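Please read all numbers here as calculations on a predicted model, not as lab measurements.
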Amino acid sequence: MSLPARLLCCALVLVLLPAARARGPEELFLPQVASKNERLCTGADPAMAIQACTTIIDTRATSTSQRVQALVFRSIAYLNLGQSDTALADLDRAAMLDSNNSTVWAARGNYHHAKGDDPLALEDFNHAVTANPKDASALLQRGNFLLNTGDAAKAIADFDKAILLDPKNPAAFANRGEAYRVGGQSDQAIENYNQAIRLDGKFAAAWYDRGVALTGKGDFAHAIDDFNQVLKLDPKFAAVYGRRAFAYDATGDHERAFADASAAIKLDPDDPSAYFTRGNFYTARNDLDHAIEDFTRAVMIDGNYADAYANRATAYARKGNYERAISDYGIAIRLNPRLTNVYSNRGLALLKIGEVARAIDDFDNALRADPKDALSLYNRGVAKQRQGSQSAGDVDVAAARAMDPNVGK
């Protein structure tokens, strides 16, 4: 699954917050209490922000640093309204006013990344870090960019530097945790999430990410505890329902899994994992038509969702539609060859339609991955018998039953 969208959205916030949680955005303007226009310029309402920022920008008494900051805030407001050309013009103007302002270059980097121009984005992030090597926010944002573009190792290096500069920034630890998790280092990820939570116990995203990491380690009970905490902090954190549904499903609590998956779909109809989890619930209840509908929805949203193809294939096979099952198993294998159980399932579907040689090939692949897979060994024996190799088939069946006396019964 792709990285959490919060990393992208938070990058825009971090442009405005060089000391992430140490101060409010209006404090970038003046050391004293911010004026009304300064508060509105940094506010959430784009139209009001544009008006207030424009007043600051056009006022003669405004200092260069204040004007630069107002241009950055106004660019974000324009971007939120879909006026990307105007947003870029403000960032370009800010860069002309202060070419060594790391905040401006980081904002431009986020703009180019949002527009899909990653080479230009990387140039801007590099410029931000070069302009002010002690700006923890610039390092954090470049790390976020590197993480979102698939370079977890370099992202960790930037997060390391950001943490040295700002060791009390929970976002830096949370994002370094995410980089470790993406890189397959679950224990290091959890350590970083723990530190983020120690620094800010109300940091819902850190609780969520730790829950995801615990799910990956198979610690579903503690993952559920973390997801419960997220919903206490932020009941509208839609992604939690899908994740918690998966954890409930894994623990056999299918009723709660179904309820959470349905809630996730209601809050976010474009969450493929929610449809996947609910599809599993329907499959367990032998409601195969609804299961197929949900798995189909999942793969329509995420065409690379190998598990959803695999489980839809199983639903088709249970309905006796072996041709469709074989097709879906093939897609799942192509997307993720490590789903070795899919070979066994496809082999059985092939055996059902008389494709004995192809079935044997699939059972061979399953057994290469797991030589102790008694069911695949038994089914290969049956396939060999049907192919006319009675003695070879008998050997496989006997070996399978030595592993599991109940296999095939």
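The two residues L140 and A172 make their nearest non-hydrogen contact at CD1-CA, 3.7 Å. Closest approach of P167 to L199, counting heavy atoms only: O-CD1, 3.9 Å. A399 and L377 make their closest contact through CB-CD2, 3.7 Å (heavy atoms, listed as atom of the first residue, atom of the second, distance). For the residue pair P133 and L139, the shortest heavy atom distance occurs at O-CD1, 3.9 Å. Among all heavy-atom pairs drawn from R368 and N365, the shortest one is NH2-OD1, 2.5 Å. Nearest heavy-atom pair across A263 and Y241 is CB-CD2, 3.8 Å.
Looking at Y275, its side chain does come within 3.5 Å of a backbone N or O of P269 through a donor-acceptor pair. Side-chain atoms of N336 never come within 3.5 Å of backbone atoms of A332 as a donor-acceptor pair (strictly under, hydrogens ignored). A donor-acceptor pair under 3.5 Å links the side-chain atoms of W207 to the main chain of G201, judged by distance alone.
Residues N101 and W105 fail the side-chain proximity criterion, which asks for heavy atoms closer than 4.5 Å. Put simply, the side chain of L88 does not reach to within 4.5 Å of the side chain of K115, judged on heavy atoms. Using a 4.5 Å cut-off on side-chain heavy atoms (C-beta onward), F73 and I56 make no contact. A 4.5 Å side-chain heavy-atom check between R285 and H254 finds at least one atom pair inside the cut-off. Residues I224 and D253 form no side-chain contact, since every pair of their non-hydrogen atoms from C-beta on lies 4.5 Å or further apart. In this structure, the side chains of F227 and T215 come closer than 4.5 Å at one or more pairs of heavy atoms. Contact of the N126 side chain with the E123 side chain is not registered, since no non-hydrogen atoms from C-beta on lie closer than 4.5 Å. At a threshold of 4.5 Å between non-hydrogen side-chain atoms, the residues N345 and L348 do not count as touching.
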Practice item. Could you walk me through whether Y193 and R210 pass the side-chain hydrogen bond (donor to acceptor under 3.5 Å, both in side chains) test, one step at a time? Key: CA-CA 6 Å; Y193 298 137; R210 190 174 72 176; over 6 Å; no

Point to revise | Test side-chain contact (heavy atoms from CB on, under 4.5 Å) applied to Q188 and I156, step by step | key: CA-CA 11 Å; Q188 292 91 329; I156 289 169; over 6 Å; no

Exercise for review: Mind running salt bridge (charged side-chain N to carboxylate O under 4.0 Å, His left out) on D98 and R67 for me, showing each step along the way?
Suggested key: CA-CA 10 Å; D98 186 356; R67 187 168 284 112; over 6 Å; no

Exercise for review: Please test Y316 against L288 for side-chain contact (heavy atoms from CB on, under 4.5 Å), starting from the C-alpha separation and ending with a verdict.
Suggested key: CA-CA 8 Å; Y316 277 130; L288 301 175; over 6 Å; no

Exercise for review: Step by step, work out the side-chain contact (heavy atoms from CB on, under 4.5 Å) result for S344 and F363.
Suggested key: CA-CA 5 Å; S344 182; F363 295 135; 4.3 Å; yes

Point to revise | CA sep, side-chain torsions, deciding dist, call: E293, H290, side-chain contact (heavy atoms from CB on, under 4.5 Å) | key: CA-CA 5 Å; E293 285 179 13; H290 280 114; 3.8 Å; yes

Review point. Between D118 and H112, is a side-chain hydrogen bond (donor to acceptor under 3.5 Å, both in side chains) present by the stated rule, with each step listed?
Key: CA-CA 6 Å; D118 286 343; H112 286 302; over 6 Å; no

**Study point:** Pair S137-Q141, side-chain hydrogen bond (donor to acceptor under 3.5 Å, both in side chains): steps then yes or no
**Key:** CA-CA 6 Å; S137 175; Q141 290 174 83; 2.9 Å; yes

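Taken from OG1 in T296 to CD1 in I301, the straight-line distance is 11.0 Å, to the nearest 0.5 Å. Taking CG of D249 as the reference point, atom CG of N280 lies at 5.0 Å (rounded to 0.5 Å). To the nearest 0.5 Å, atom NZ of residue K36 and atom SG of residue C41 are 14.0 Å apart. One distance of note links CZ of R142 with NE2 of H127; it measures 12.5 Å at 0.5 Å rounding. Here the straight-line distance linking atom CZ of R256 with atom CZ of R244 works out to 8.0 Å at 0.5 Å rounding. Atom CZ in R358 sits 9.0 Å away from atom CG in D361 (nearest 0.5 Å).
Checking R318 against N286 by side-chain atom types alone, a donor-acceptor pair falls below 3.5 Å. A donor atom on one side chain and an acceptor atom on the other are not found under 3.5 Å apart for S273 and R243. R346 and Y329 are not linked by any side-chain donor-acceptor pair at a separation below 3.5 angstrom, with hydrogens and angles left out of the test. For the residue pair D225/Q229, the side-chain donor-acceptor check at 3.5 Å is not satisfied.
Taking the six-membered ring wherever Trp is involved, the centroid distance between the rings of F258 and Y282 falls below 6.0 Å.
Atom OH of Y343 is surrounded by more than 12 heavy atoms from other residues, nucleotides or ligands within 6.0 Å. For Q51, the CD atom is loosely surrounded, since the number of other residues' heavy atoms within 6.0 Å does not exceed 12. Within a 6.0 Å radius of CE in M403, more than 12 heavy atoms belonging to other residues, nucleotides or ligands are found.
In summary, of the residues considered (L339, I333, I331), a side chain to side chain contact (heavy atoms under 4.5 Å, CB included) with L335 occurs for I331 alone. Each of L71, V72, I76 was scored for a side chain to side chain contact (heavy atoms under 4.5 Å, CB included) with R74, with one residue passing: L71.
A salt bridge does not link D209 with R181: every distance from a Lys NZ or Arg NE/NH1/NH2 to an Asp or Glu carboxylate oxygen is 4.0 Å or more.
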